[in-house]
Amino acid sequence: MPELPEVETIVRELRQPLVGRTFTQVIVRWEKTIQTPVAEFKHNLPGKQIESIRRRAKYIWFHLSGGWSLFIHLKMSGNLQVLPVSTPCEKHVHTILRLDNGHEVRFKDTRKFGRAYLTRDPETVTGHLGPEPLADNFTLADFKALFHRKKGRLKPLLLNQAFIAGLGNIYADEACHDAGILPNRTADTLSAVELERLYHSIRKVLNHGIMHRGATFDEVYPGGKFQNFFQVYGRTGEPCRTCDQPVERIVLSSRSTHFCPNCQR
Ligand SMILES: [Zn+2]
């Protein structure tokens with residue numbers, strides 16, 4: 001699933017072809033994708049101009065004219081294509097958003113878990129989300145405050161979008177390794193020094209991911225290079241790049257979790 005760096009990269013690439021364009025028509029072939037009543041979605045999107053595009057957590061957020069917001073969450077296999085209307089449509093394109101310049105946005109989604117929302121109240125989509133780890137105003141004190149009275153295991157906490165936004169399996173594992181902290185530690189055992197390391201490591205691995213345009217491991221999200229810099233993720237049995245001990249894998253909250261038993265305490 002695309003995480004913060006992948007979605008950030010996608011957002012940056014969508015701005016040039018899309019900002020300033022106006023939607024003209026909506027074609028929905030798989031209604032479950034559309035979380036707004038489909039008739040309203042089809043009625044309200046045409047005529048709206050894209051004023052800006054930004055990211056919130058793993059959502060792509062189109063700010064539209066008239067105070068409207070279009071949110072797209074790519075989930076497991078979603079992919080947005082901006083192509084001329086005349087280009088033959090690939091399989092698994094379930095939603096098409098026509099534009100005023102002969103192009104269209106195609107939401108291709110093999111596994112159909114992707115979601116789209118059209119609303120004038122963005123809080124209905126983003127209200128449950130935790131803070132953005134890369135925001136300028138997200139301080140170490142803010143990060144430490146998140147852990148107040150938290151007792152759960154660290155990795156599931158980092159994956160919880162209501163706790164902190166944007167991290168997924170890859171960047172949570174990489175951040176724990178960078179900070180030298182075992183992902184199965186319980187949150188209330190982390191010292192102030194460890195929390196400070198983790199705060200900086202989360203921001204470091206996310207920025208590193210963005211710098212390399214995210215990570216690519218299948219055809220869904222092409223072009224990223226961060227997979228070449230993984231320290232532990234997906235490297236079970238391979239030597240830790242820091243200490244040469246084999247990387248280990250455990251399952252935490254039914255998610256694969258990779259760590260170095262020597263570097264991480
Ligand atoms: Zn190691």
Side-chain angles (χ1 to χ4, degrees), residues 1-9 57-58 76 130-134 138-147 150-161 163-218 220-221 223-265:
M1 182 192 290
E3 303 180 29
L4 188 158
E6 290 77 30
V7 178
E8 180 66 31
T9 303
K58 303 174 195 172
M76 304 296 288
E132 285 289 327
L134 293 184
F138 181 65
T139 64
L140 172 60
D142 295 332
F143 183 69
K144 284 181 172 171
L146 295 179
F147 284 82
K150 286 286 186 299
K151 290 190 167 73
R153 293 197 186 273
L154 177 59
K155 167 89 180 276
L157 209 49
L158 295 178
L159 296 183
N160 178 351
Q161 299 300 296
F163 180 76
I164 191 166
L167 287 169
N169 220 23
I170 293 173
Y171 295 91
D173 282 4
E174 292 294 315
C176 286
H177 179 266
D178 191 76
I181 299 170
L182 287 169
N184 58 355
R185 290 270 298 279
T186 49
D188 58 352
T189 67
L190 297 179
S191 68
V193 172
E194 286 176 323
L195 286 176
E196 182 169 356
R197 285 210 309 266
L198 186 57
Y199 168 79
H200 291 294
S201 292
I202 287 171
R203 290 164 65 106
K204 178 179 151 188
V205 298
L206 291 173
N207 277 319
H208 201 182
I210 292 171
M211 204 171 83
H212 292 286
R213 306 179 71 255
T216 294
F217 24 85
D218 54 29
V220 172
Y221 178 78
K225 293 277 179 281
F226 188 59
Q227 67 279 6
N228 300 325
F229 300 91
F230 288 167
Q231 300 297 304
V232 285
Y233 182 81
R235 301 189 64 244
T236 311
E238 294 176 41
C240 170
R241 297 195 204 276
T242 308
C243 74
D244 273 347
Q245 291 277 314
V247 170
E248 292 187 11
R249 173 185 177 275
I250 53 170
V251 175
L252 267 182
S253 298
S254 66
R255 305 295 301 272
S256 273
T257 298
H258 311 82
F259 64 98
C260 172
N262 187 42
C263 293
Q264 293 172 251
R265 300 295 162 99

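In listed order, ligands and their atoms are each counted from 1. Computed from a predicted model, the values in this text were never measured in an experiment. Reckoned from all heavy atoms, side chains included, excluding hydrogens, waters and symmetry mates.
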* Any side-chain donor-acceptor pair under 3.5 Å between Ser256 and Arg249? -> yes
Shortest non-hydrogen pair, Phe259 vs Pro183, comes out as CB-CD, 3.9 Å
Report task. Please tell me if the side chains of Pro133 and Leu4 come closer than 4.5 Å, counting only heavy atoms from C-beta onward. Result -> yes
Protein-side N, O or S atoms sitting under 2.8 Å from the Zn ion (ligand 1) are Cys240 SG, Cys243 SG, Cys260 SG, Cys263 SG
The side-chain contact (heavy atoms from CB on, under 4.5 Å) partner of Glu8 among Leu134, Leu206, Asn207, Ile210 is Ile210
Sequence neighbours excluded, the answer for side-chain contact (heavy atoms from CB on, under 4.5 Å) partners of Ala172 is Lys155, Leu158, Leu159
For residues Tyr171 and Phe226, establish whether the separation of their ring centroids is below 6.0 Å. yes
